[in-house]
Amino acid sequence: MKEAMEVRVWRAVYRRGTYRYAGFLWVEDEHGARYRLPMTGTVAQWLRPGEPLTLTLEDPEAITFTNYRLEGAIPIWPPFEATFESHRRSPVSEEILYTYTVLAREAQFEHDYAAIVDLEQYHYASDEELLARWYCETCHLYRESNARPVCPKCHKPMRFHDLKSATRASRFLVLELRSRQPYEPRYIGYVRIDPPLPLMHRRLPDGNIERDIRQKVFPPEWFAHPFHPKPGEKEEDWWEVQGAALREARSPVARLARVVIHPDYRADGLGQLALKAMFQWLQERWVPDMRAPKEAVETVAMMTRYNPFMEKVGFRYLWDTASGRPVLYYALSEAAAQAIQAFLETDAVAREHKGKLYRPRYRAGEPLQSPIRLINVTKAYTSHLDLSKLSEPVGRLLEAFGVRHRVIQKTVLRRVQMEISPGSVQVVLGASGSGKTTLLRLIYGAIQGWDNPLYRPDEGTIEVPENARVEALLPGEIEPDFGDEPLAEVLYRLTGDEALVVELLSIVGISDAVLYRAPYRELSTGQKARAQLAYLLAKRPNVLLIDEFAAPLDTPTALRVARRLSHLAREQGIALVLVLHRQEILKALDPDAVYIVGYGTFFQADRLPDRGFRVQDPYATYIVQGKKRWEIRKHPTRVRGRVAVIRGNEVLGTVEIRDVHGPFTVEELLGDEHYAKHLADPRFLKKYAKGQSLYAWELENPREYEAPKPFKAKQGQQTWIRLKQEEKDSPNDKD
């Protein structure tokens, strides 16, 4: 890099049609040598002839868009860029679930602005409004369109000129998603910065208007030199009038004119990330005018009534404009912070709202008064095969496979023990047809008090508190009814609160306002799945049952929805039970319990039972592998249910104690009737009995862990070992 040289601005050169991304700045050094610096017109137009700057060149003979540095009081070129990371964490453990890496940089290429046009369509609700102007360099024609058009004369693709809503003073910061999946967008948002509004009046609650309100809060000189071009009669006049206004505009206040985030990412904190990137941009580069350090950011945005992301990063609500739009400020300096705080403390209206505009709306109903308990719940299905109604060819086909008239009986759930507490997240895993949906069906039927045999257990009980209010999603069986009304209208009829409608849709990841007015039938499969969740939440249940959760969603979207739903359930005390097919989103849910359902078995994954018994090998291995069905002991036991099988200082697996048989003599146990049940070595059995009678603990449903779990028993523990250390240990618990 060559040494820096002092230069002065000679002139800026750019064409009106392509000024956003193409232009030059001519500078002159103290010896009269001039340098042509490639630069966007968006930046060059702010620099005044004669303005002193510092130029550093890599190669004076070949100056390119990227190989020089230009500075004044602040860096001017290359444009601002910085990388930001946003970690999304588990609501329970604070473990990082996934990370967004975002490159924030000032727009400088034509494809940056084409991406901004695409994103701007998410900002406007109207499909018919044309957002951008395009320019043909051959025919010198302009045309309005939301996508790159073809010139009507020469039929060549036209070049981007400008957004219709922007002015020459507007500066844009684009956000690129790094480390993204192939199907994720490159650009996920943009921020537009303008000079502050030329004038601002305040509407008071009684309808009166207070003029020039800002000068009563902040130093008046902050708004003394606004960008305020007067519209000309022709488009050409408007361009020149804006240029004249650029030469005089300066303010220590910048205006956040737009922050647009791709709808799929809005509810996951990337709007807040965009604002934090903007703050750094403003402080480092003094945009848009580059003439005064920035003290504060102002924004006027009606959507802040419905979305809190600006307040979450520190914006304070101060007043409504004369037209009734909320105005918020963010302090970049101590002087601005003191002015804002003084206003909030001394103004009669501001003292009431205290700088807060948004108030969270969602409140689930009263949490369950007590847990829902499933006690020894068993459910079996019986089906009758009958070929009488089939055509003769199909009947022959089935008979060829041995399918004839018969009765098939299948137990899908056997002696299920489960507790569902308020504010807990329970996940159920298992193969298709293993009984997961049946479990939800039984819980739903118990809460609703249904007598339909399909929704009632064959054995066991389900204890339900009186205040339980359940909503369920069992695809094809129990689903929300949206009818043909717009999505937002359906949710509004359920809640009576339009702000709550936005909040609910944001929770489930639907943040595109265009979709608010769409009927359910027009949504994509993934959008329908998220709309169903919003519908269920709108009914304010304290128990929520969802089958096939997140099945239609891509992995990044599933992670986002899972994390938010899990957080909401815990925050609002909703008991959430999900049937899940996608284990990659388990971490985002951070469930309190994971249950495995498998063709008549039901157990809590990786949960050690409260107690276990110690067994020598090879018998411990025989038990967890299902080879040994009786455990021979000197005493009976009243313990029933699942217990751990412990070998030395490790847990091999678990097994259920179903019953106790005996007493038996050693000779009876070694007889043909019983020996295959316990597999005990005759010499060991005789030595162990010492002439006394023995008892057989009947075992069933063994589970062997993939790897033994280390466990160190306390000194003195023998047969029964308490695995929960907080419980009182018993050195020899026979019962």
Side-chain angles (χ1 to χ4, degrees), residues 372-391 394-395 397-420 426-464 468 470-479 543-549 551 575-583 593-605 626 640-642 655-656 658-659 698-703:
I372 297 170
R373 293 185 176 90
L374 283 72
I375 304 170
N376 294 324
V377 168
T378 297
K379 184 66 178 178
Y381 290 116
T382 300
S383 59
H384 298 266
L385 291 180
D386 184 1
L387 308 187
S388 62
K389 296 182 180 180
L390 300 177
S391 64
V394 175
L397 169 66
L398 292 176
E399 288 182 355
F401 286 91
V403 179
R404 296 182 177 86
H405 298 281
R406 69 181 61 183
V407 175
I408 296 179
Q409 295 180 325
K410 179 182 178 183
T411 299
V412 291
L413 298 172
R414 180 182 287 112
R415 291 194 296 282
V416 168
Q417 303 281 349
M418 185 180 184
E419 183 171 288
I420 305 168
Q426 320 266 353
V427 169
V428 182
L429 303 175
S432 297
S434 60
K436 303 183 302 298
T437 303
T438 297
L439 178 68
L440 297 188
R441 195 180 286 136
L442 295 181
I443 298 170
Y444 186 78
I447 298 174
Q448 298 285 48
W450 288 359
D451 290 327
N452 186 327
L454 188 66
Y455 293 86
R456 296 188 66 82
D458 298 331
E459 298 177 13
T461 59
I462 302 179
E463 297 178 354
V464 177
V470 65
E471 291 297 327
L473 175 59
L474 277 63
E477 186 175 338
I478 301 172
E479 295 183 322
V543 181
L544 187 54
L545 312 174
I546 303 175
D547 196 5
E548 300 181 14
F549 173 71
L576 180 62
V577 183
L578 307 172
V579 165
L580 196 63
H581 293 272
R582 308 175 57 182
Q583 296 194 37
V594 177
Y595 293 96
I596 308 298
V597 181
Y599 307 105
T601 65
F602 182 90
F603 60 94
Q604 187 173 336
R640 297 293 184 272
R642 188 156 295 277
V655 73
E656 291 182 17
R658 179 172 185 177
D659 204 351
E698 183 181 349
L699 311 175
E700 65 178 1
N701 296 327
R703 299 181 201 131

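Below, each value reflects all heavy atoms present in this structure, side chains not excepted, and no hydrogens, waters or symmetry copies.
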Grab the two heavy atoms, one from [X] and one from [Y], that are nearest each other, plus how far apart they are.
X: Leu442; Y: Pro457; answer: CD2-N, 3.7 Å
X: Gly626; Y: Pro702; answer: CA-CG, 3.6 Å
X: Leu429; Y: Lys436; answer: C-CD, 3.6 Å
X: Gly435; Y: Val412; answer: CA-CB, 4.2 Å

Please report the interatomic distance [atom1]([X]) to [atom2]([Y]), rounded to the nearest 0.5 Å.
X: Leu397; Y: Leu390; atom1: CG; atom2: CG; value: 9.5 Å
X: Leu578; Y: Asp547; atom1: CG; atom2: CG; value: 10.0 Å
X: Ile420; Y: Leu374; atom1: CD1; atom2: CG; value: 5.5 Å
X: Arg703; Y: Glu656; atom1: CZ; atom2: CD; value: 6.0 Å

Is there side-chain contact between [X] and [Y], with at least one heavy-atom pair below 4.5 Å?
X: Met418; Y: Tyr595; value: yes
X: Val577; Y: Leu440; value: yes
X: Leu580; Y: Val428; value: no
X: Ile375; Y: Ile462; value: no
X: Val464; Y: Arg373; value: no
X: Val543; Y: Ile372; value: yes
X: Glu459; Y: Lys379; value: no
X: Ile478; Y: Leu473; value: no

Compute whether any side-chain donor of one residue and acceptor of the other, for Thr378 and Asp458, lie under 3.5 angstrom apart.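 No, because no side-chain N or O of Thr378 sits under 3.5 Å from a partner of the opposite role on Asp458.
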Going by atom types alone, do Thr438 and Tyr381 pair a side-chain donor with an acceptor below 3.5 Å? yes
With sequence neighbours left out, what residues match [X] under side-chain hydrogen bond (donor to acceptor under 3.5 Å, both in side chains)?
X: Asn376; result: Gln417
X: Gln448; result: Tyr444
X: Gln426; result: Ser424
X: Arg640; result: none

All N/O donor-acceptor pairs, side-chain side in residues 449-456, below 3.5 Å, sequence neighbours left out:
| unit_1 | atom_1 | unit_2 | atom_2 | d |
| --- | --- | --- | --- | --- |
| Asn452 | OD1 | Leu454 | N | 2.9 |
| Tyr455 | OH | Glu477 | OE2 | 2.5 |
| Arg456 | NH1 | Trp450 | O | 3.0 |

Can you name the residues that form a side-chain contact (heavy atoms from CB on, under 4.5 Å) with Glu548, not counting sequence neighbours?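 side-chain contact (heavy atoms from CB on, under 4.5 Å) check on Glu548 returns Pro475, Ala551, His581.
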